[in-house]
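Below, chain A is the first sequence line, B the second, and so on; all start at residue 1. Remember, predicted model here, so these are calculated numbers, not experimental data.
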Protein chains: 2
Amino acid sequence: MLNPADDAFRAQLARSLPEQLFRPLTAAYLEEPRGRYTGQGGLLLAPETVEQVSRIVAACAEARVGVVPFGGGTGLVGGQILPEGPAPVILSLERMNRIRAVHPEENLMIAEAGAILHDVQTAAAEADRLFPLSLASEGSCRIGGNLATNAGGVNVLRYGNARDLCLGLEAVLPDGRIWNGLKRLRKDNTGYDLRNLLIGAEGSLGVITAATLRLFPRPIQEGTALFTVRDPGAALELLALALSLTGGGVSAFELIHREGLNFLTETMPEVRQPFAERPERPEWMVLVDLGLGQGTPPAELLEAIFERGLEAGLVSDGLIAQNESQRAAFWAVRESIPLANRRIGSISSHDISVPLDSIADFISEATEAMQALGPVRINCFGHLGDGNLHFNVFPPRGQSRADFEHLRGKVKRGVHDLAAAYGGSVSAEHGIGRLKVDDLERYGDPAKLAAMRAIKAALDPAGIMNPGAVLRG
Amino acid sequence: MLNPADDAFRAQLARSLPEQLFRPLTAAYLEEPRGRYTGQGGLLLAPETVEQVSRIVAACAEARVGVVPFGGGTGLVGGQILPEGPAPVILSLERMNRIRAVHPEENLMIAEAGAILHDVQTAAAEADRLFPLSLASEGSCRIGGNLATNAGGVNVLRYGNARDLCLGLEAVLPDGRIWNGLKRLRKDNTGYDLRNLLIGAEGSLGVITAATLRLFPRPIQEGTALFTVRDPGAALELLALALSLTGGGVSAFELIHREGLNFLTETMPEVRQPFAERPERPEWMVLVDLGLGQGTPPAELLEAIFERGLEAGLVSDGLIAQNESQRAAFWAVRESIPLANRRIGSISSHDISVPLDSIADFISEATEAMQALGPVRINCFGHLGDGNLHFNVFPPRGQSRADFEHLRGKVKRGVHDLAAAYGGSVSAEHGIGRLKVDDLERYGDPAKLAAMRAIKAALDPAGIMNPGAVLRG
């Protein structure tokens, strides 16, 4: 059983920590974007060094006080909010936000956990390099949180998830010990992969304080197109074609459904829409982004992809961006859809993945199952090349999510059961947090769950690290 | 304390396992390529299904009998050989060698652990796909061993190590439980990364029985060149240039030293050498391999790389392969060097990595330190883009390794100390096995080591899995 971070504990900590580390606990640290969880007080600490993090965690371990690591607060599964139990220490990394070093010649940088993702991208760009992690919340999420949750986003197809972009970590383990694992090595086979164990553990096995991040050359040429595709299966065939023709130069391949465009018309009419002059909106589109070296221009390759796709009956129409402002306009469509979704208000949102082969079947089966439940609208979009779909279910026009609250459980269960039946995942990129602990228990492999519990108990015997996240406390 | 796999234990196992699983224990299972370790008997079992593996491991856990998983037997650090202690069960995966499924449209396949790497490559090629893991022993090493040791090889620069090529695992955990983790998903953030924990654990946390492996489109165009470079620092600058100009299309970038060519002349005069007609052999060369899509021909890009490298003073001479047989001839040079090394016989071989920035300094400092020890020859070659050098130290011509046995410890210690001082790794791609357990204790981070021991104790409390490998038993 844990103890609260009470006044006595605060006084004890204050003896060995500078006063400015204790911050007033504002609402921002007790809320999360989807409003499902509310934190219940505690002690907010914003350390400036890894040694201070170590001292805090060691004190918490000794006093059996919970520690909730806090990055940008943008997580969508409640991993950053402890809604019940003894009040914890909320350990915000916001002041550990330095870029410690950039090594462009080694294609890497070392950033502290509190660095905002956008600042990491900018630091890379200033050194003429690319840090490819890119997601909707990049203006406020922090790299430590991105790593703790193994964040995804639009460039996973080419560059991988957050874990694939990390070469080393500095972290404080649950007993307060500092692991100095900030290596600048591409290859290091010396012992168990502690780095990947902490990445994706959502703060339940320790606190990431800094990371060595991989950088890439910036593409010399970029190109973007929107193709209307026959269906999601055709989109996948088109992707295989594009990967082959470009030698792996596809940076993003995003599936968009007509409903997404409808939602934009309804809530964000200012967004310029593609194919607007066509008699009818196409049902399925893909946004294709190429990043290439010197040589053949991207537009020429996009043209070749389109021609080959047309011959094979995969695509029927297409728009190839002719300049940077058209590229930006195409991307604005894709990037506005999550906001349009929020404005409509989903009954239930899902972050699932299925084997690529099953995407088309999954979408049609899930759509049918949802429509059998009621007059819902479905906006299914996502990172097709990753098999990652945001299959989100909405009320019909004129009704609100509140009118469908009674269906929410059925909708979620229906989508998750189907994803699981296809050998899929009920959390492709958002993680488990607190929202999906039940799902993990329901759908997870029992041997893996047992191993996870054994690892948690071994590294964090008092259960202080992010109690109740990922695994039940 | 463990018990031996004696006759009584054999009799007990025989009650629940088919007789054909018990195989005569031949010398092949008790030897390893470098001849440093010799096994000491035990019980050889070659199961055919994961359920049989599970039954064997569960019985061993109950009886506290050690289990040594055995793949192709090609490991270079003794991870597959138990030279002392109670005789173990040697669990050979050789009969679990099926390719269970190939899904070219998903760019993946499912292979059993005992599949030989070359057969995995072939199965991919037959489906018009590339499985990029490629190393000297590919004709006999098995994919389960490649994963257990997180094997590297020549294509890591572009496609990553073995761990980066694996999407899912089926494995038997140390209590005999089967983990069904053979997902066909690119993204799955549901719980701790057990996959990466087993990969690289060298059989000390469980037995990998099958894996989902990533495939890639096969390059439409390939090209190869040999460039003579000013020094290793210039080679790195050239690599950055090549990565940028090709948009990441560099598949391999191998550093070769003149001594390697000398060794070929001495031991394999039949290998045709590049630059042979030049008045003097160049000191440093790089072998560059491109794999590209449609468009600009590789030779044109290699030409551009050479021109830019010449302007910048990085390269001085170059040969661009004009056809497949020239490509093969260039590669034959690189691939013959390890065999030439074996024929010369090293005093000590090292598989180190250092930060890319430090490669040039490391090589000159280490060379100087070695030459201060005696009249040694050094053949330093390797995967430059990964910072992974095989810095191998040889006796002078006319003398043998036996004459230098007294120096071996000093040589190894000198190279490893220096690699560690540069923030490098003393095992970049070969693993720890039994050979480098001392090194891991000497150079490893104490917090990481403590975490590793806690994980080992939690998952394998009786210590049956590959006793003494990675961690002292």
- Query: Who among A:Ala201, A:Gly423, A:Gly191 has the most heavy-atom pairs with chain B under 4.5 Å?
  - Reply: A:Gly191

- Note on the structure: Looking only at A:Ile199, A:Ile455, A:Leu167, A:Leu449, most heavy-atom pairs under 4.5 Å shared with chain B are made by A:Ile455

- Measure across A:Leu173 and B:Ala447 and return the closest heavy-atom pair with its distance rounded to 0.1 Å. CD1-O, 3.7 Å

- Item | B:Gln294 vs A:Leu301, side-chain contact (heavy atoms from CB on, under 4.5 Å): CA-CA, chis, key distance, verdict | CA-CA 8 Å; B:Gln294 188 171 287; A:Leu301 283 170; 4.3 Å; yes

- Query: Measuring heavy-atom distances to chain A, does B:Ser204 have an atom under 4.5 Å in its side chain, in its backbone, in both, or in neither?
  - Reply: both

- Got a donor-acceptor contact below 3.5 angstrom from the B:Lys448 side chain to the A:Tyr192 backbone? yes

- Task: Measure distances from B:Asp175 to the heavy atoms of chain A and classify the residue's part below 4.5 Å as side chain, backbone, both or neither.
- Result: neither

- When you measure from the side chain of A:Ser353 to the backbone N and O of B:Asp188, does any donor-acceptor pair fall under 3.5 Å? no

- Determine, step by step, whether B:Leu194 and A:Leu197 satisfy the side-chain contact (heavy atoms from CB on, under 4.5 Å) criterion, reporting the C-alpha distance in whole Å, the side-chain angles of both residues, the deciding distance to 0.1 Å, and the verdict. CA-CA 7 Å; B:Leu194 195 55; A:Leu197 190 61; over 6 Å; no

- Keeping the roles fixed (side chain from B:Asn196, backbone from A:Asp193), state whether a donor-acceptor pair exists under 3.5 Å. no

- Item | B:Ile432 side, atom CD1; A:Asn189 side, atom CG - distance, nearest 0.5 Å | 8.0 Å

- Query: Just by distance, do the side chain of A:Asp357 and the backbone of B:Glu106 share a donor-acceptor pair under 3.5 Å?
  - Reply: no

- Looking at A:Leu205, A:Ile178, A:Leu157, A:Leu239, which has the largest count of heavy-atom pairs under 4.5 Å with chain B? A:Leu205

- Counting heavy-atom pairs under 4.5 Å with chain A, the top scorer among B:Arg177, B:Arg158, B:Met452 is B:Met452

- Message: Please give me the minimum heavy-atom distance between B:Ala454 and A:Leu459, naming the atom from each residue.
- Response: CB-CD2, 4.0 Å

- For the atom pair CG (B:Leu108) and CG (A:Leu356), what is the distance rounded to the nearest 0.5 Å? 7.0 Å

- Query: Does atom CZ of A:Arg308 have more than 12 heavy-atom neighbours from other groups under 6.0 Å away?
  - Reply: no

- Query: Side chain, backbone, both or neither: which part of B:Ala304 has a non-hydrogen atom closer than 4.5 Å to chain A?
  - Reply: side chain

- Note on the structure: Greatest number of non-hydrogen atom pairs under 4.5 angstrom with chain B, of A:Pro219, A:Gly249, A:Ala451, A:Ala240, falls to A:Ala451

- Given B:Leu236, B:Leu198, B:Leu185, B:Asp439, the one with more heavy-atom pairs under 4.5 angstrom with chain A than any other is B:Leu185

- Task: Decide side-chain contact (heavy atoms from CB on, under 4.5 Å) for A:Val156 and B:Arg186; before the verdict, give the C-alpha distance in whole Å, the side-chain angles of both, and the deciding distance to 0.1 Å.
- Result: CA-CA 9 Å; A:Val156 174; B:Arg186 306 271 151 177; 5.9 Å; no

- In terms of heavy-atom pairs under 4.5 Å with chain B, which of A:Gly200, A:Gly385, A:Gly431, A:Gly387 leads? A:Gly431

- Under 4.5 Å from a heavy atom of chain A, the part of B:Pro217 involved: side chain

- Could I get the full list of ring-ring contact (aromatic ring centres under 6.0 Å, His included) partners for B:His390, not counting sequence neighbours? B:Phe381, B:His383, B:His430

- Using non-hydrogen atoms and a 4.5 Å limit, figure out which bit of A:Asn180 sits close to chain B: side chain, backbone, both or neither. both

- Message: For B:Ser244, which atoms come within 4.5 Å of any heavy atom of chain A: side chain, backbone, both, or neither?
- Response: both

- Item | Partner chain B: residue of A:Ile352, A:Ile220, A:Leu182 with the largest heavy-atom pair count (under 4.5 Å) | A:Ile220

- Do any N or O atoms from the side chain of B:Thr190 and from the backbone of A:Leu440 form a donor-acceptor pair under 3.5 angstrom? no

- Task: Using atom types as modelled and distance alone, determine if a side-chain donor or acceptor of B:Thr296 lies under 3.5 Å from a backbone N or O of A:Thr296.
- Result: yes

- Item | Residue pair A:Ala458 / B:Ala458: nearest heavy atoms and the distance that separates them | CB-CB, 3.5 Å

- A:Asn107/B:Leu243 under side-chain contact (heavy atoms from CB on, under 4.5 Å): CA gap, chis, key distance, verdict: CA-CA 11 Å; A:Asn107 276 318; B:Leu243 284 172; 4.2 Å; yes

- Item | Pairs of heavy atoms under 4.5 Å with chain A: top-ranked of B:Gly152, B:Ala428, B:Gly295, B:Pro446 | B:Ala428

